[in-house]
Amino acid sequence: MRYWLFKSEPDKWSWDAQVAKGDAGEEWDGIRNYQARNNMREMKIGDRGFFYHSNAGKDIVGIVEVCALSHPDSTTDDERWDCVDIKTVRSFVKPVTLAQIKENPELEGISLVRQSRLSVAPITADEWKIICKMGATEP
DNA sequence: GCCAACGTTGGC
DNA sequence: GCCAACGTTGGC
């Protein structure tokens, strides 16, 4: 199993909206970036991801699970763009802020900081454990 | 609101 | 295939 990070502006698609979808899950649509799309194509059912609020919030607020493999993005006719579906697993007990992540020397290589504009990024197993611990949340 | 980083586009 | 121009993202 691999780990990922999904970024969303809470004004457009918030964690609350994701939680409201429950087990039905939701298409992670609207991605128009090749690297992010390629990451989604590599995902498998059951892969886990962090849900990060960019702009407003700037914190990791929850854990999601991939529940549908990459398929055409229903919000465009352009066949270049695919996306996966994700469903809520659990909310973070304590959201982990970008500032906390930057302060932790163990996380200095994290994709969230190194490639801040990439909206779907890989997370290492170590990073996964560390961030869950910082959030007082079960991995 | 500004600006840095970076991806995309299009002329040559 | 290079590179300038432009658009977007996201932190501050």
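Within the helix from B:dG1-C:dC12 to B:dC12-C:dG1, the inter-axis angle between the opening and closing five-pair segments is 10°, rounded to 10°.
Contacts of A:Asp82 classified as salt bridge (Lys or Arg N to Asp or Glu O under 4.0 Å), with partners at least two apart in sequence or in another chain: A:Arg41. In terms of the side chain to side chain contact (heavy atoms under 4.5 Å, CB included) criterion, residue partners of A:Lys102 (sequence neighbours excluded) are, by chain and number, A:Leu98, A:Val113. Every residue two or more places apart in sequence or in another chain that forms a side chain to side chain contact (heavy atoms under 4.5 Å, CB included) with A:Ala125 is listed here: A:Tyr3. Contacts of A:Arg2 classified as salt bridge (Lys or Arg N to Asp or Glu O under 4.0 Å), with partners at least two apart in sequence or in another chain: A:Glu42. A:Val89 is linked by a side chain to side chain contact (heavy atoms under 4.5 Å, CB included) to A:Arg48, A:Ile63, A:Glu65, counting only residues two or more places apart in sequence or in another chain. For A:Tyr52, the ring-ring contact (aromatic ring centres under 6.0 Å, His included) test picks out no residue, with sequence neighbours left out.
Applying the ring pair (Phe, Tyr, Trp, His ring centres under 6.0 Å) rule to pairs touching residues 85-114 of chain A yields A:Phe50-A:Phe92, sequence neighbours excluded.
Distances shown here put every side-chain N or O of A:Tyr52 at or beyond 4.0 Å from the OP1 or OP2 atom of C:dT9. Applying the 4.0 Å criterion to OP1 and OP2 of C:dC12, one finds that A:Lys102 has a side-chain N or O inside that range. For the pair A:Lys7 and C:dT9, the criterion of a side-chain N or O lying under 4.0 Å from OP1 or OP2 is not met.
Rounded to an integer number of Å, the gap from A:Phe6 CZ to C:dG10 P is 15 Å. Following rounding to the nearest Å, A:Asp59 (CG) and C:dC12 (P) show an atom-to-atom distance of 13 Å.
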- Task: Would you give a per-nucleotide map of nucleotides 1-8 of chain B, 5' to 3', where B means the base has a protein non-hydrogen atom under 4.0 Å away, S means only the sugar-phosphate does, and - means neither?
- Result: ----BBSS

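Shortest non-hydrogen contact noted between A:Lys44 and A:Leu69 is CA-CD2, 3.7 Å.
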